[in-house]
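For reference, the structure is listed below as C-alpha cells.
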Amino acid sequence: MDSQVISLAERVRQIKPSPTLAVDAKAKAMKAAGADILNFSVGEPDFDTPSHVCDAAKEAIDSRFTRYTPVPGILELRKAIVDRFAADHGWQYEPEQVQVSCGGKHGLYNMCQALFGPGDEVLVPAPYWVSYPPMIQLAGATPVAVPLAEESNFDLDPAILDRYVSDRTRGIIINSPSNPTGSVFSGATLAAIGKLALERGWVVISDDIYDTIVYGDEPLPHILDVDPRLKDQTVILNGVSKSFAMTGWRIGYSVGPKHIIGAMNKIQSQSTSNPSSIAQKAALAAVRGPQDFPVMMKEAFLPRRDRIVEALTAIAGVSCVVPKGAFYVFPNFAAYYGKSFKGKVIDGSVAMADYLLEEAQLATVPGAAFGADAFVRFSFATSMEIIEAGMRRLREALAGLS
Ligand code: PMP
Ligand code: GLU
C-alpha cells in the first residue's frame with residue numbers, strides 16, 4: 001500500500017509558529033550564509049548569564065544533582081521566589097503557591113490549559129505578545145483583542161473595555177512593561193481592570209517578565225498593589241530569562257492561588273515533569289543572590305533606548321512612543337505603507353519587515369504578529385554600534401521607497 005499523509009489535529013491548524021522565533025531563525029540562517037544582517041528581531045538580552053549563576057549550574061552537575069525533582073520545582077527555589085516577592089513587594093505567598101516551569105512561556109501555557117476551555121473568552125490588550133492568542137486557542141478558548149492607542153502611549157482606556165466584555169469573559173492578560181510596546185499600564189488603568197475583575201470574577205494573569213527593566217524613577221504600578229483583594233484571583237508570571245539573561249536555561253515561574261497552581265502542576269506532571277534540575281539550581285543562585293545584575297543591564301539599555309527613539313523619531317513620517325520598560329521600540333511606519341520598491345507595494349508590516357530584511361539586511365518583527373499592523377518591532381537589546389548602523393540603513397531603506 002502507498003504511504004498516506006497523516007492528517008494533523010485541528011488545534012494545530014489554528015496556529016502559526018512563533019513569528020519572533022521564526023524571524024530570528026531566518027536572520028541567523030541568512031547571517032550564516034554570509035549576509036551582513038543586523039538583528040533587531042528576537043527579544044533577549046545581549047549579555048551573558050552572570051558567572052555566579054553559571055557556577056551554581058556547574059556545581060549542580062559536579063554534585064550529580066541530575067535526577068528528577070518535584071514536579072513544581074525544588075522547594076529551595078520556590079522558597080527563594082516567595083522570599084523575593086516578600087522582599088521586593090511585601091507580598092506573602094507559600095511555596096505551594098509557586099510552580100517553576102520550562103521558561104515563562106511554559107508557565108503561561110500551563111495557566112491557559114488549567115484555566116480556560118471551549119466557550120471561554122480571554123481579554124488580550126493589543127499590541128500583545130505573540131504567544132498569548134495561540135496559547136489561549138490551544139486551550140480551546142477565544143482571545144479577544146482590546147485595542148490600545150498609540151496616542152495614549154499604549155495605556156488601556158478602561159472606558160472601552162465594555163465593548164469587549166461578554167458573559168463568556170473569563171479573564172485578562174496584563175503585560176506591563178509590555179512586549180512589544182515597552183509601555184506601562186497606569187495605576188488608574190489597573191484599578192479599573194481590577195474593579196471589573198472583582199465584580200465579574202475574572203482571573204487576572206499578570207505577566208511581569210520585564211519588571212526589572214523599568215526606566216526612570218517612578219515605581220512600576222502593579223495590580224496587586226493597586227487592589228490587594230485581587231490576590232485570590234491573580235496569577236503572576238515571571239522568570240529569569242530576561243532579568244538574568246538566562247533565555248536558554250528555560251526557567252520561569254508562576255505564583256498564585258493554590259488550586260490554580262495545583263491544577264497547573266497536574267498538567268506539568270503529565271507533560272514535561274520538572275524543569276531541568278541543573279537550570280533550577282542556576283535559577284536559585286539568580287533569585288537568592290545579589291540583584292545588581294538586572295540593574296546593570298537596565299542601565300546599559302537606557303542610552304540605547306534613548307538613541308534608537310531619537311533616531312526613529314527623526315525619520316519623516318515615523319512616530320514612536322518612548323518605551324518606559326523592557327527593551328523594545330514599536331515605531332509606526334504606516335506613513336510608508338502604499339509606497340513601493342521595484343514595483344512591489346509595501347502594503348503592511350509584513351511587507352515592510354520583509355523589505356527591511358531583504359533590501360537593508362535589517363531583521364525586525366512585523367507589528368501584525370502583535371495584532372498592530374501599523375508598527376514594526378525593534379529590540380534594542382543589542383550594541384550601540386548595531387543601533388547606529390541599523391538606523392542608518394533604516395533611513396536609507398525608507399528613503400528608497402517611492
Ligand atoms: N512573556 C513575554 C511578554 C515575553 O516577551 C516572553 C519572552 N519570550 C515570555 C513571557 C517568556 O519568556 P521565557 O519563556 O523565555 O522565559
Ligand atoms: N519574548 C521574546 C520575543 O518576543 C522571545 C521570543 C519568544 O519567545 O517569542 O522576542
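Both ligands and their constituent atoms are indexed starting at 1 by order of listing.
Counting only heavy atoms of the protein, atom 9 (O) of ligand 2 lies nearest to T20 OG1, 2.6 Å. Remark: minimum distance from atom 8 (O) of ligand 2 to any protein heavy atom is reached at K105 NZ, 3.0 Å. Of all protein heavy atoms, the one closest to atom 1 (N) of ligand 2 is K242 NZ, 3.2 Å.
For the pair T181 and R377, the minimum side-chain heavy-atom distance is 4.5 Å or more.
Counting the atoms of ligand 2 from 1 in the order shown, those under 4.0 Å from a heavy atom of Y328 are 2 (C), 3 (C), 4 (O). When each atom of ligand 1 is checked for a heavy atom of K242 under 4.0 Å away, the hits are 6 (C), 7 (C), 8 (N). Remark: ligand 2 atoms within the under-4.0 Å shell around heavy atoms of V42 are 5 (C), 6 (C), 10 (O). For ligand 2, the atoms lying closer than 4.0 Å to a non-hydrogen atom of S18 are 9 (O). Within the listing of ligand 2, atoms 1 (N), 4 (O), 7 (C), 8 (O), 9 (O) sit less than 4.0 angstrom from a heavy atom of W129.
Residue contact check for ligand 1: E44 places no non-hydrogen atom closer than 4.0 Å to it.
Selection from Y253, Y128, Y210 by nearest heavy atom to atom 5 (O) of ligand 1 gives Y210. The heavy atom nearest to atom 2 (C) of ligand 1, out of those in L21, D207, V42, N179, is found in D207.
Where the criterion is an N or O separation shorter than 3.5 Å, residue side chain and backbone included, G43 meets it with respect to ligand 2.
Below 30°, between 30° and 60°, or above 60°: for F244 and F293 the angle between ring planes is below 30°, a parallel geometry.
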